[in-house]
Amino acid sequence: MSTFEALQDRRGRRRRRGRAGFLTRLLRAEFDECPLGDLLLWGRGSAVFLTVSEYQRRLEQGLDP
């Protein structure tokens, strides 16, 4: 079972969660420690998911995507 499919809560029970649930918990820093090697998303609170075209449009307009 992958990290995305099963995550442990604080009581040690395994709960099935999808990718959205995993990312939400990651952004809110709801794990005891960051499950990824990179802390870029850890504890950010929220994020915006962009399509490639929207990302490119924002870059071309001088915005930080």
Side-chain angles (χ1 to χ4, degrees):
M1 196 173 289
S2 76
T3 303
F4 292 120
E5 293 172 342
L7 301 171
Q8 270 187 314
D9 67 10
R10 291 190 178 123
R11 296 183 199 121
R13 295 181 303 203
R14 295 180 75 80
R15 296 184 181 207
R16 292 186 68 75
R17 303 206 186 237
R19 286 178 180 90
F22 174 81
L23 290 172
T24 299
R25 291 186 71 194
L26 182 68
L27 292 169
R28 294 179 180 166
E30 292 180 353
F31 297 101
D32 291 335
E33 58 185 50
C34 182
L36 304 178
D38 185 348
L39 297 176
L40 180 65
L41 297 175
W42 180 249
R44 289 189 59 114
S46 65
V48 175
F49 295 93
L50 304 173
T51 62
V52 173
S53 59
E54 178 63 14
Y55 180 87
Q56 191 64 36
R57 184 189 71 76
R58 290 183 183 198
L59 278 179
E60 290 169 358
Q61 289 186 343
L63 302 172
D64 182 6

Begin with the C-alpha distance, continue with both residues' side-chain angles, and end with the deciding distance and a verdict on side-chain contact (heavy atoms from CB on, under 4.5 Å) for Cys34 and Leu26.
CA-CA 7 Å; Cys34 182; Leu26 182 68; 4.1 Å; yes
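- The hydrophobic cluster containing Leu36 also contains Leu39, counting ILVMFWY residues as joined when their side-chain heavy atoms lie under 4.5 angstrom apart, directly or transitively.
- Contact between Gly43 and Ala29 at its shortest, heavy atoms only, is CA-CB, 3.7 Å.
- Crowding of Glu33 atom CD: a count of heavy atoms from other residues, nucleotides or ligands under 6.0 Å not exceeding 12.
- Every side-chain contact (heavy atoms from CB on, under 4.5 Å) that Glu54 has, sequence neighbours left out, goes to Leu50, Thr51, Arg57, Arg58.
- Taking the centre of each ring, Phe49 and Tyr55 stay at or above the 6.0 Å mark.
- Sorted pairs that involve residues 37-46 and meet side chain to side chain donor-acceptor pair (under 3.5 Å), not counting sequence neighbours, are lacking altogether.
- Atom CG of Leu59 and atom CG of Asp64 lie 8.5 Å apart (nearest 0.5 Å).
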